[in-house]
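Residues: numbered from 1 along the sequence shown. Counting convention: from 1, in listed order, for ligands and their atoms alike.
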Amino acid sequence: MAVKTLEDLFVHELSDVHSAERQITKALPRLARAAENPELAAAFEAYLEETNGQIERLDQLVEQLGIRLKRIKCAAMEGLVEEGKEVIDTIPKGPVRDAALVGGAQKVEHYEIAAYGTLCALAKELGYTEALELLKATLEEEKATDEKLTVLAESGGNQRAAEA
Ligand SMILES: [Fe+2]
């Protein structure tokens with residue numbers, strides 16, 4: 001289906017982020033196992049749980065609006081997940097890998113913050129009030145997770161990596 005209207009674009013972006021969230025839920029257990037720092041592994045596990053909730057929120061929104069998602073694969077998330085695999089393949093388990101994993105997770109967060117920011121703007125424009133509330137809730141979660149990752153890196157993760 002071609003994207004012609006703002007409604008089409010909303011459905012396209014929503015389908016894309018739905019694919020992105022599903023891809024990251026598949027990658028997170030591997031990222032958690034690859035982390036040396038138990039705090040980082042726990043953060044990835046919490047992030048997985050949060051992402052499952054975000055997918056539920058997206059499904060709820062789709063039902064409320066009575067729309068159908070398109071079967072598309074988010075190419076950006078595919079690339080970010082691939083980079084995570086590269087980190088695991090090329091850096092041995094330890095603080096340097098952990099620093100790379102945090103950086104990778106923050107790239108994912110920033111992608112999602114941009115995606116949900118766009119969806120919020122589109123929902124607002126289209127007058128999808130209830131959808132906007134759900135999208136805003138996820139946007140705030142993504143921002144909070146990004147900040148948690150920054151704290152994790154600054155509270156010793158990067159220092160351990162520098163000493164390694
Ligand atoms: Fe997410």
Counting heavy atoms not belonging to E133, are there more than 12 under 6.0 Å from its CD?
yes
With rounding to 10 degrees, E21 OE1, the Fe ion (ligand 1) and Q54 OE1 define an angle of 100°
Within the side chain of R57, is there an N or O that forms a donor-acceptor pair under 3.5 Å with the backbone of L135?
no
Got more than 12 heavy atoms from elsewhere within 6.0 Å of CD, E56?
no
Look at atom CD of E125 and say whether more than 12 heavy atoms of other residues, nucleotides or ligands are closer to it than 6.0 Å.
no
Do any N/O/S atoms of E112 come under 2.8 Å of the Fe ion (ligand 1)?
yes
Do you know which N/O/S atom name in E142 is closest to the Fe ion (ligand 1)?
OE2
